[in-house]
Amino acid sequence: MTKKYTLLLLVLWGSAFISAQEYQQLNIRFLPPDYYVGDTVELQFTLRSSGNLNLLPPETLPDPGWVKLLSFKIEYSGSDQIITIRFIPYYSGTRTLPPLALGDLTLRDIKIYTSSVLRSDGERELSGIRHNLLIPGTRVIGALIFSALLSLPLLFLFLFKIIRRHTGVLIRTYRLNLPYRKFIRLLKRIRQTLGNMSDKDFFSIYSGGLKNYLSTRFHLDFSALTTSEMEMVFRSSSVAEPLYLTLLNLFHRMDRVKFAGEELTSLEREGMLLEAEQISGELETWRKSHADF
Amino acid sequence: MSDEKVLKKEKVLKDKINDASRLLQTARDEIGKRIIGQQDMVDGLLMGIITGGHILVEGVPGLAKTLMVKTVASVINADFKRIQFTPDLLPADLTGTMIYRPQTGEFVPRKGPVFTNIVLADEINRAPAKVQAALLEAMAENQVTIGDNTYRLSDPFFVMATQNPIEQEGTYQLPEAQLDRFLMKLKVDYPSPQEELAILDQLEDTSELVIRKVFNRFAIQDIKETAACIRVDESLRKYIVSIVNASRVKGRNQLPFTRYIEFGASPRASIALYNCSRVQALFEGREYVIPEDVKAVAYNVLRHRIVLSYEAEAEELSSDDVIKDILAAVTVP
């Protein structure tokens, strides 16, 4: 009897010894190292056994309720096997995975520790919400979108500046040429009503218009200038001599008609209109090619 | 009037103007023999004589004012007297008085120095107001009353009064109303260095200067009549009135220069501008006045007629500055 018990004990001890010596778990790694309830966790370890084990992944993964086993993978690396288990824990604290039958071997006592956002002593405060995990390249796309959004106003500003500059140039050119256009329009209007206009009206409108035009070109009020004063202005300007002499001649003729009572035929008046048109045209050409008037 | 008659009349006028202009130029040349420079004063004096106005000259001593008047008197073949105004001068010293003649036992008039063609009233502001008033009355009326009788002054009668701009101590400033009686106020400045050198060169020449008499009373009368024929267009008459009116504009913000004027020019200024512009045209040998003529005489005519405000004095502006602004503001026809 004693021998029977002794034998049984030996067998039991031997089998226990065999199962204990069957394998070793090495390089146990959790990814992520700290994980919480609901996180997808990858557990990897190397299984080293003394014998030649034929391991097969379990056909069905157990479902103990507190953890969801997602996948089980066995890879061979020499005499070692690398086991990878993916799971999602639903309970915090240390728990043991249910035994996993792998053919020649049953994996037991695999302990996982699921961290809790609450401190166990109750003093731990709630952790902040973790950032969403971004897939690789997400940050670059985000940065690009952010840059695009940031550069959009700058682009608008740049375009606005260009448009404003060009509009400014256009307006300036328009305004600069406006007196000349107005004067030419005035000459046309005088020409249309030349027959019905008295000498006095003709010279009043004609010389007034010409003086207004010259005022804008020389930046001086010509309406209060006499012909001699105009001559001084012309001489001190950089306007070509033949041009201002023609202008002066025109004003002297006007003075004779206005103050000496000389009379002009409508043909002569027409000639004066043409002359004014020609001189102002030449003056404009001169102005465009000379910055200083 | 037929066209031919009009043309003939115009030709006659043109000839008269040419003659008058030539004569005036000769007079200027003759005066220029003795007076170096001071062309404005020469023209001003001739203008005064032709228009029948009187001239106030402002300038420091030593600018040949007396010599100028003497020379002008020589050129126009007229009598000349110089009166030095002093604080103790009496109106009778100027106009004359009734003196008792014991032989006949009656009072007879003794005519004063104003009974001449050209009077140089030297430093007029040194005499008291009553003496100034007596002279200015004679200038305005061309006559003087001594005792019960009124005597006409000589023709031409021309007064050139001088004022010294410095040494204002103990002087009697001419009232604005009396200043207005002067046709023009001329400002005489120092000659240029070249002119001063020419004066010294003239001293080197020991030969006696002979000033030819260019005018006589009749010639002056002819020139006056010719000047009166010079055409002043309606637009220019309006221009003259506009200038004078601009000096009277009320409302401080209406025109930029308004705040500098306390009192503007009187209608006498318009008349003076009108007459002087005509003579200016005559100087140029033109039978019509142009705006240049008006502007040329505007300063001399308006200078003493515009009373400046304290603001102008505070900003050290002269009448000439204000006149310049006025002319720049009025549209030239």
Side-chain angles (χ1 to χ4, degrees), chain A residues 179 182-183 186 190 197-237 244-245 247-265 269 272 276, chain B residues 1 3 6-7 9-11 13-14 17-18 229-240 242-247 249 255-257 273-274 277-278 280-299 302 322-333:
Chain A
K182 273 170 89 173
F183 180 55
L186 177 79
I190 296 174
M197 208 181 266
S198 67
D199 268 354
K200 198 176 169 183
D201 288 345
F202 172 77
F203 281 107
S204 163
I205 300 170
Y206 176 77
S207 67
L210 187 54
K211 281 185 175 183
N212 276 345
Y213 164 67
L214 291 173
S215 300
T216 61
R217 290 296 172 254
F218 288 85
H219 310 291
L220 193 74
D221 185 11
F222 269 58
S223 67
L225 294 189
T226 63
T227 309
S228 316
E229 286 166 336
M230 278 186 239
E231 188 174 349
M232 283 193 279
V233 172
F234 292 146
R235 284 193 193 283
S236 61
S237 74
Y244 74 68
L245 285 180
L247 254 174
L248 283 175
N249 185 35
L250 199 65
F251 276 108
H252 280 304
R253 256 190 293 161
M254 270 194 272
D255 281 354
R256 279 200 299 277
V257 176
K258 280 193 283 186
F259 308 123
E262 274 184 21
E263 286 177 4
L264 284 183
T265 61
R269 283 200 213 170
M272 285 183 91
Chain B
M1 202 184 289
D3 286 352
V6 171
L7 284 172
K9 198 181 168 189
E10 279 179 3
K11 193 183 176 310
L13 177 63
K14 181 80 188 158
I17 286 169
N18 283 340
C229 295
I230 285 176
R231 179 192 162 96
V232 185
D233 189 70
E234 190 194 348
S235 60
L236 278 172
R237 293 201 293 270
K238 283 182 181 168
Y239 178 55
I240 289 170
S242 299
I243 291 171
V244 175
N245 265 282
S247 74
V249 172
L255 290 164
F257 53 82
L273 262 180
Y274 179 80
S277 305
R278 277 178 152 173
Q280 184 66 31
L282 192 63
F283 281 150
E284 304 292 327
R286 226 182 306 105
E287 65 267 37
Y288 57 93
V289 173
I290 57 173
E292 278 87 338
D293 300 325
V294 181
K295 277 197 173 180
V297 297
Y299 287 92
L302 297 174
V322 178
I323 294 165
K324 189 180 173 188
D325 287 348
I326 292 173
L327 293 178
V330 180
T331 305
V332 170

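Every chain is numbered from 1 and lettered A, B, ... according to where its sequence line falls, protein lines coming before strand lines. Side chains are part of it too, since the values below use all heavy atoms of this structure and drop only hydrogens, waters and symmetry mates.
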Closest approach of A/Ala224 to B/Ala328 (non-hydrogen atoms, all atoms of both residues):
CB-O, 3.2 Å
One pair to check against side-chain contact (heavy atoms from CB on, under 4.5 Å): B/Val332 and A/Lys211. What are the steps and the verdict?
CA-CA 10 Å; B/Val332 170; A/Lys211 281 185 175 183; 4.1 Å; yes
If I measure from the heavy atoms of chain A, does B/Leu327 come under 4.5 Å with its side chain, its backbone, both, or neither?
backbone
Can you tell me which of A/Asp221, A/Asp255, A/Leu225 forms the most heavy-atom pairs within a distance under 4.5 Å of chain B?
A/Leu225
Using a 4.5 angstrom heavy-atom cutoff, name the option from A/Ser207, A/Ser228, A/Gly208 with the most pairs to chain B.
A/Ser228
Is it true that atom NZ of A/Lys182 has more than 12 heavy atoms of other residues, nucleotides or ligands lying nearer than 6.0 Å?
no
Whatever's closer than 4.5 Å to a heavy atom in chain B on A/Thr227 counts as both
For A/Phe259 versus B/Arg231, what's the shortest heavy-atom pair and its separation?
O-NE, 2.8 Å
Enter the distance from A/Met230:CE to B/Glu292:CD here, rounded to the nearest 0.5 Å.
8.0 Å
Can you tell me which portion of B/Ser235 sits under 4.5 Å from chain A's heavy atoms? Options are side chain, backbone, both or neither.
side chain
Check whether B/Glu287 gets within reach of chain A through its side chain, its backbone, both or neither, counting any heavy atom under 4.5 Å.
neither
